[in-house]
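As the structure lists them, so they are numbered: ligands from 1, and atoms in each ligand from 1. Values below: all heavy atoms of this structure, side chains included; hydrogens, waters and symmetry mates excluded. Position 1 is the first residue of the sequence, and the numbers go up from there.
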Amino acid sequence: MPLETTANIWHNGQLIPWEKAQIHVMSHVVHYGSSVFEGIRCYAQDGGAGVFRLSEHMQRLIHSAKIYRMPLPYSLEQLNEAVVEVVEANGVTPCYIRPIAFRGYGEIGVNPLKSPVEVYIANFPWGKYVSGNNGADVCVSSWNRLAPNTMPSLAKAGANYMNSQLIRMEADVNGYVEGIALDTNGYLSEGSGENLFIVQNGVLYTSPLANSVLNGITRDSILVLARQLGIPVVEQALPRELLYICDEAFFTGTAAEVTHLRSVDRILVGDGNMGPVTSALHKAFFDIVSGAAPDRYNWLTPVKVRETVTA
Ligand SMILES: Cc1ncc(COP(=O)(O)O)c(C=O)c1O
């Protein structure tokens, strides 16, 4: 989808004009994929707006950078404040926020340690990510997710998304909206940019972190909400074929939010409609982010914005 611009981007501590946020072609990141990033949504509520689980996202950014020995010269608090600063300065909500840290222009060669670390935070309007209002028609990908001890799945690194791109492109050219990858042992892992949940006999299942998944913040939110609603939760390795015989399945993610799966490999999931467990979790999630229910877990960081855009 085309990118909609805003006025400012935060760069290394100050706001700069969107069009000035440029890097040199010889920057380390361009050649070796040395970036870590986040994706965060800011939701509009009656009379205001709130960034969803800001601190958890920025903490994950710090962790991703730590895995790659990338020193970030900002504390968690400073990064949180920077997000609020750029969202308020641009004054557009709801929006998607994209913090990114990468190895910039300095040296050439694989070793990144002497290339400077640059931090940018952009935000822009962004609507629905996994298309299909009546549920997503997805496939199981022929590509596996990242093998353990190759590219770390718990780091949200730009380079991981070469694998995601293979999964997403294959799905796209074959007429699906998304692909689900298995891990290298053949167990269910995740979508190209979403965690996966399955419901069978009233029990909510999701793959554990050891199955090459990102530690999704929406995934965690759904686990919290499921426990609150008294839905039994099991994190365990899951066989592919469970997708074909389960009652319900859905994706979670900042971009995908809570998206139910209508079919997998052209096999209907349940009767294809959003099932009762998914509906209950979908409602609980959107009630909080929209402000319809109290923010009992303090998931929303308020921001003061001037303009509300309609998605
Ligand atoms: C590969 C992958 N898995 C899962 C997720 C979901 O994570 P979150 O809910 O934190 O957005 C994302 C999105 O960031 C992702 O890119």
Self-check item: Pairwise side-chain contact, Val177 with Thr259, heavy-atom cut-off 4.5 Å (strictly under)
Solution: no

Self-check item: Qualifying residues under side chain to side chain donor-acceptor pair (under 3.5 Å), relative to Thr301, sequence neighbours excluded
Solution: none

Quiz item: Can you name the salt bridge (charged side-chain N to carboxylate O under 4.0 Å, His left out) partners of Asp172, sequence neighbours left out?
Solution: none

Self-check item: For Ser34, side chain to side chain donor-acceptor pair (under 3.5 Å) partners two or more places apart
Solution: His28

Expected rows: ligand 1 N/O, protein N/O, dist below 3.5 Å:
residue  : atom   : partner : partner atom : Å
ligand 1 : 3 (N)  : Glu190  : OE1          : 2.7
ligand 1 : 9 (O)  : Ile217  : N            : 3.3
ligand 1 : 9 (O)  : Thr218  : N            : 2.8
ligand 1 : 9 (O)  : Thr218  : OG1          : 2.6
ligand 1 : 10 (O) : Arg60   : NH1          : 2.8
ligand 1 : 10 (O) : Arg60   : NH2          : 3.0
ligand 1 : 10 (O) : Ile217  : N            : 2.7
ligand 1 : 11 (O) : Thr254  : N            : 2.8
ligand 1 : 11 (O) : Thr254  : OG1          : 2.6
ligand 1 : 14 (O) : Lys156  : NZ           : 2.7
ligand 1 : 16 (O) : Lys156  : NZ           : 3.4
ligand 1 : 16 (O) : Tyr161  : OH           : 2.3

Quiz item: With no hydrogens and no angle check, do the side chains of Thr218 and Glu257 hold a donor and an acceptor under 3.5 Å apart?
Solution: no

Quiz item: Are the aromatic rings of Phe102 and Tyr120 close, with centres under 6.0 Å apart?
Solution: yes

